[in-house]
There are 2 protein chains.
Amino acid sequence: MKSYCKFESALDILIGKWKPIILLQLISNGTMRFSELEKSIPDINKRMLTQQLRELEYNDIVHREAYNQIPPKVEYSISTYGQGLSVVLQVLNDWGESHIEHMKELYGAENAENEPG
Amino acid sequence: MKSYCKFESALDILIGKWKPIILLQLISNGTMRFSELEKSIPDINKRMLTQQLRELEYNDIVHREAYNQIPPKVEYSISTYGQGLSVVLQVLNDWGESHIEHMKELYGAENAENEPG
DNA sequence: CGGTATCCACTCCGATACTG
DNA sequence: CAGTATCGGAGTGGATACCG
């Protein structure tokens with residue numbers, strides 16, 4: 001049996017309320033400006049968007065390109081290194097999808113995606 | 001490009017301070033009693049162990065077998081359905097391992113596993 | 001032995017206001 | 001446009017005591 005001892009560090013990178021949807025947007029749309037991300041993600045605010053992007057940038061998943069001009073223009077995209085995450089996200093997505101089905105079988109269709117109250 | 005729209009629900013199941021290490025223990029050791037888990041995970045307390053186990057049980061990842069006897073005996077193991085997670089954890093583990101290396105290259109060996117302050 | 005109940009600390013997140 | 005600063009509430013986790 002293999003060790004599995006490092007999967008916490010992978011998790012850490014994906015954890016954060018808005019990181020999944022941010023990654024989703026960047027994967028689907030390629031390069032996006034800050035304001036485009038803001039518009040494409042309803043209910044997020046600037047503070048959270050900035051914070052989550054900074055963490056993803058720190059982990060070299062997202063690339064930030066700032067143009068020195070007025071008004072400012074900053075573009076975000078999945079970094080070259082970050083492309084490697086796509087396999088992981090694909091696996092998580094597939095398993096997540098089937099898990100939703102499994103939960104429906106166990107608990108019925110309503111409210112079946114998450115934890116108990 | 002595929003949709004990736006369900007990987008949040010997979011994440012939800014793995015998120016929780018002690019879930020990774022609990023899963024690790026059960027995967028490595030098979031069936032374990034409550035007190036064995038408690039001993040094998042330094043710094044966890046009963047409340048947290050119970051809570052995280054309940055959530056994993058709710059999601060049908062962990063199976064709970066209670067024997068009606070005094071003193072009580074309760075055994076936990078990865079459920080049959082939960083075995084399907086191993087592929088996911090393997091992928092996360094592999095990527096996490098290489099990511100730790102990547103962070104070391106970027107930021108040096110010390111303290112390179114997680115987010116910025 | 002295998003839990004609950006209670007209380008407290010801390011972190012995460014949201015709302016809002018301000019800035020270069 | 002693309003942020004930062006500040007504040008407050010909710011949720012998550014820790015310590016401890018108690019229970020069947």
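Protein chains get the first letters and strands the later ones, always in sequence-line order, with residue 1 at the start of each.
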Has [X] got a side-chain N or O lying under 4.0 Å from the OP1 or OP2 atom of [N]?
| X | N | value |
| --- | --- | --- |
| Q51(A) | dT4(D) | no |
| R33(B) | dG2(C) | yes |
| Y76(A) | dC1(D) | no |
| W18(A) | dG14(C) | yes |
| T50(B) | dG3(C) | no |
| K46(A) | dA15(C) | no |

task = Answer yes or no: is there an ion pair linking E57(A) with R54(A), defined by an N-O contact shorter than 4.0 Å?
result =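 Answer for the salt bridge query: yes.
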
If I take atom [atom1] in residue [X] and atom [atom2] in nucleotide [N], what distance separates them, rounded to the nearest angstrom?
| X | N | atom1 | atom2 | result |
| --- | --- | --- | --- | --- |
| I44(A) | dC12(C) | CD1 | P | 16 Å |
| Q52(A) | dG3(D) | CD | P | 14 Å |
| R64(B) | dG3(C) | CZ | P | 5 Å |
| E36(A) | dG3(D) | CD | P | 13 Å |
| L49(A) | dG3(D) | CG | P | 8 Å |
| E38(B) | dA15(D) | CD | C1' | 14 Å |
| K73(B) | dG3(C) | NZ | P | 14 Å |
| M32(B) | dG3(C) | CE | C1' | 17 Å |

Next on the checklist: Within this structure, what is the NZ-CG distance for the pair K17(A) and D43(A), rounded to the nearest 0.5 Å?
Outcome noted: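 K17(A) atom NZ to D43(A) atom CG measures 8.0 Å (nearest 0.5 Å).
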
**Prompt:** Ring centres of H63(B) and Y81(B) under 6.0 Å apart?
**Reply:**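 Not close enough - the centres of the two rings lie 6.0 Å or further apart.
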
Would you mind telling me which of [options] lies closest to the side-chain atoms of [X]?
| X | options | answer |
| --- | --- | --- |
| V74(A) | dG20(D), dG14(D), dA2(D) | dA2(D) |
| R54(A) | dC1(C), dG13(D), dG3(D) | dG3(D) |
| M48(B) | dC1(D), dG13(D), dC13(C) | dG13(D) |
| N45(A) | dG14(C), dG20(D), dG3(D) | dG14(C) |

- Just checking Y67(A): base, sugar-phosphate only, or nothing, at a heavy-atom cut-off of under 4.0 Å?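 No contact at all - Y67(A) keeps every heavy atom at 4.0 Å or more from the nucleic acid.
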
Would you mind classifying the nucleic acid contact of P72(B) as base, sugar-phosphate or nothing, using non-hydrogen atoms under 4.0 angstrom?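 Here P72(B) touches the bases of the nucleic acid.
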
Smallest heavy-atom separation, F34(B) atom then K46(B) atom, equals CZ-O, 4.0 Å

Here the pair of heavy atoms bringing P20(A) nearest to L11(B) is CG-CD2, 4.0 Å

| No-H, no-angle donor-acceptor pair, R47(B) side chain to dG13(D) base, under 3.5 Å | yes

Is there a side-chain contact between V88(A) and F7(B), using heavy atoms and a 4.5 Å cut-off?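 No, every pair of side-chain atoms sits at 4.5 Å or beyond.
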
